[in-house]
Undergrad: 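Below is the structure I would like to discuss, written out as structure tokens.
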2 protein chains.
Amino acid sequence: MKWDELAEQSCSMARTLSVIGDRWTLMVLRDCFLGVRRFDDFQRRLGVTRGILSDRLRQLTEAGVLDKVAYQDRPPRHEYRLTRRGLDLHPVILSIVHWGDVHMAGEAGRPILHRHKTCGALFDPVLSCSECGEPVRPHDVEVIRGPGHAADRHMPPDEAEG
Amino acid sequence: MKWDELAEQSCSMARTLSVIGDRWTLMVLRDCFLGVRRFDDFQRRLGVTRGILSDRLRQLTEAGVLDKVAYQDRPPRHEYRLTRRGLDLHPVILSIVHWGDVHMAGEAGRPILHRHKTCGALFDPVLSCSECGEPVRPHDVEVIRGPGHAADRHMPPDEAEG
DNA sequence: ACGAGTCAGTTCTGAAATCGAACGTACTTT
DNA sequence: AAAGTACGTTCGATTTCAGAACTGACTCGT
């Protein structure tokens, strides 16, 4: 299966991965959330080859996750900014970072900490229910067929949840 | 840069991606959370080649995300189950699926819906602050150097947040 | 005026990963 | 005995990636 075919599956996971399911794409997005906006800055910070970076920035722009904005005319220079769509990826990035903090941190502890400006505290991200506000645990989630469901294979095979 | 080198960076994002930063790995994990446990079931549902699947299941097992458990002896057969470490990836998967629901769903609407068993409602996952319980927005997060920080490049270049 | 530096890419070649399909092994079912 | 199930491995052809050099348009220092 190719990336393009992945996008056509009636599975939100597959469709999202057709946009961000690549290590460099996610590393680029991490840097975007840290405020990086220019080609050479991405390249130096990530150590990715220029060819790959060029390709990934183009893909993200085409997907509407980044916006390519000119900041000078002669010579033409642009910067890449997160769109609304891109900003909505924040939970994905934070969840990934948090898992690394908990399960992959070395002896020395976490490389970075997050402070919630509105309450002032150092915090961990918690995934909670939009309706009752309580934290969501894996076994408390039931997967139900939605209106956009096609007869694919993204439903539980029989019983759910492992 | 190779995958192995990624794991050695003092960045939780990079370290996590060295484990799950691959489209097939994430598709396998999606199916794990839907209750899929056996080789051929993964293969049929995902359409991935058997070689890749074999490799990814081995990697996930080595990383402690899945556990390979025998369910019969003659012939020896195993199933792959999420460990505690693996279950902790639930927020990552849910966040990715939710982004797809919001930004990649077709005309027909979402392919699947989630029900929160403890409150009974259909819900969206919301990332909130472990300290005050409020939803976390991109601009409300400040990144701070932690104890495990090495002089790498995962801090904001100057000012934060885009 | 001249070379050095910045910024945003493109182009090249060899190395590595991936695809699709077939094959192997050890059982169970018909 | 033949077909099916389960879990992989192996193989050659294709695709992607890494590392490095190169282009082009401009700016800055001397």
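In the text below, chain A, chain B and the rest are named by the order of the sequence lines, each starting its count at 1.
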Undergrad: Is there a side-chain polar atom (N or O) of A:R44 under 4.0 Å from OP1 or OP2 of C:dA8?
TA: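 Checking A:R44 against C:dA8: no side-chain N or O falls below 4.0 Å of OP1 or OP2.
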Undergrad: The side chain of B:T49 lies closest to which of these nucleotides: D:dC17, C:dT18, C:dG20?
TA: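 For the B:T49 side chain, the nearest candidate turns out to be C:dG20.
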Undergrad: Can you check whether A:W24 has a side-chain N or O nearer than 4.0 Å to OP1 or OP2 of D:dA18?
TA: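 So the side-chain polar atoms of A:W24 do come within 4.0 Å of the phosphate oxygens OP1 or OP2 of D:dA18, strictly under.
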Undergrad: Please tell me which of A:P76 and A:D22 maps to the more 5' nucleotide of DNA chain D, matching each residue to the nucleotide holding its nearest heavy atom.
TA: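 It is A:D22 whose nearest nucleotide is closer to the 5' end.
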Undergrad: Measure from CG on B:L53 to P on C:dC19 and round the result to the nearest Å.
TA: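 Rounded to whole Å, this separation is 11 Å.
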Undergrad: Can you find an N or O donor on one side and an acceptor on the other, under 3.5 Å apart, linking the side chain of B:R38 with the base of D:dA6?
TA: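 Answer no: no donor N or O sits under 3.5 Å from an acceptor.
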Undergrad: With a non-hydrogen cut-off below 4.0 angstrom, is B:Y80 in contact with a base, only sugar-phosphate, or nothing?
TA: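 Sugar-phosphate: the residue B:Y80, judged by heavy atoms under 4.0 Å, touches backbone atoms but no base.
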Undergrad: Is it true that B:D101 and A:S12 share a donor-acceptor pair across their side chains at a distance under 3.5 Å?
TA: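 Yes, side-chain donor-acceptor contact under 3.5 Å.
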Undergrad: Need one value for B:F42: base, sugar-phosphate or nothing, where a base atom within 4.0 Å counts as base even if backbone is also close, heavy atoms only.
TA: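 Counting heavy atoms under 4.0 Å across all strands, no contact is made by B:F42.
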Undergrad: Quick one: is C:dT18 close enough that its OP1 or OP2 comes under 4.0 Å of any side-chain N or O from B:R56?
TA: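 Indeed, a polar side-chain atom of B:R56 lies that close.
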Undergrad: Could you check whether B:D31 pairs with B:R37 (Lys NZ or Arg NE/NH1/NH2 to Asp/Glu carboxylate O, under 4.0 Å)?
TA: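 No salt bridge links B:D31 with B:R37.
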Undergrad: So that I can tick it off, tell me whether B:R50 and B:D55 are bridged by a salt bridge, with the cut-off set at under 4.0 angstrom between side-chain N and carboxylate O.
TA: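 Salt bridge flag = no for B:R50 with B:D55.
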Undergrad: Rounded off to whole Å, could you give me the CD-to-C1' distance for the B:Q72 and C:dA26 pair?
TA: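 After rounding, the gap between these two atoms is 10 Å.
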Undergrad: Take atom CD1 of B:I52 and atom P of D:dT16, then tell me their distance rounded to the nearest Å.
TA: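 The distance from CD1 of B:I52 to P of D:dT16 comes to 13 Å, rounded to the nearest Å.
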Undergrad: Could you tell me the separation between the CD atom of B:Q43 and the P atom of C:dA21, rounded to a whole number of Å?
TA: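 Distance, rounded to whole Å: 11 Å.
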Undergrad: So for A:R50 and C:dA8, does any side-chain atom that can act as donor or acceptor lie under 3.5 Å from a complementary atom in the base?
TA: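 Per atom types, the contact qualifies.
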Undergrad: Atom CD of A:E79 and atom P of C:dA8: how far apart are they, to the nearest Å?
TA: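 Between P of C:dA8 and CD of A:E79: 9 Å.
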Undergrad: Can you tell me how far P of C:dG20 sits from CG of B:L46, to the nearest Å?
TA: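 So the two atoms are 13 Å apart, to the nearest Å.
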Undergrad: Which of these nucleotides, C:dC19, C:dA8, D:dA6, is closest to any side-chain atom of B:Y71?
TA: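 Between C:dC19, C:dA8, D:dA6, the one nearest the side chain of B:Y71 would be D:dA6.
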Undergrad: Does A:R58 reach a base, just sugar-phosphate, or nothing at all? Heavy atoms under 4.0 Å.
TA: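 A:R58: no heavy atom of the nucleic acid under 4.0 Å.
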Undergrad: Identify whether NZ of Lys or CZ of Arg in B:R77 sits under 6.0 Å from the centre of the six-membered ring of B:F39 and within 45° of that ring's axis.
TA: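 No, a cation-pi geometry is absent between B:R77 and B:F39.
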Undergrad: In whole Å, what is the span from the CZ atom of A:R23 to the C1' atom of C:dA17?
TA: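 So the two atoms are 10 Å apart, to the nearest Å.
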Undergrad: Could you check whether B:D73 gets within reach of a base, just the sugar-phosphate, or nothing at all, counting any heavy atom under 4.0 Å?
TA: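 No contact at all - B:D73 keeps every heavy atom at 4.0 Å or more from the nucleic acid.
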Undergrad: Would A:T83 and A:D67 count as having a side-chain donor-acceptor pair, cut-off 3.5 Å?
TA: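 No donor-acceptor contact under 3.5 Å links the two side chains.
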Undergrad: Have a look at B:R77 and say if it touches a base, only the backbone sugar-phosphate, or nothing, with a 4.0 Å heavy-atom cut-off.
TA: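 B:R77: base contact, heavy atoms under 4.0 Å.
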Undergrad: Measure NE2/B:H78 against C1'/D:dG8 and give the value in whole Å, please.
TA: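 Roughly 10 Å, once rounded to whole Å.
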Undergrad: Any side-chain N or O of B:S54 below 4.0 angstrom from OP1/OP2 of D:dT9?
TA: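 It does, given that an N or O in the side chain of B:S54 lies less than 4.0 Å from OP1 or OP2 of D:dT9.
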Undergrad: Can you label the angle between the B:F42 ring and the B:Y80 ring as parallel, tilted or perpendicular, going by 30° and 60°?
TA: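 Geometry flag for B:Y80 against B:F42: perpendicular rings.
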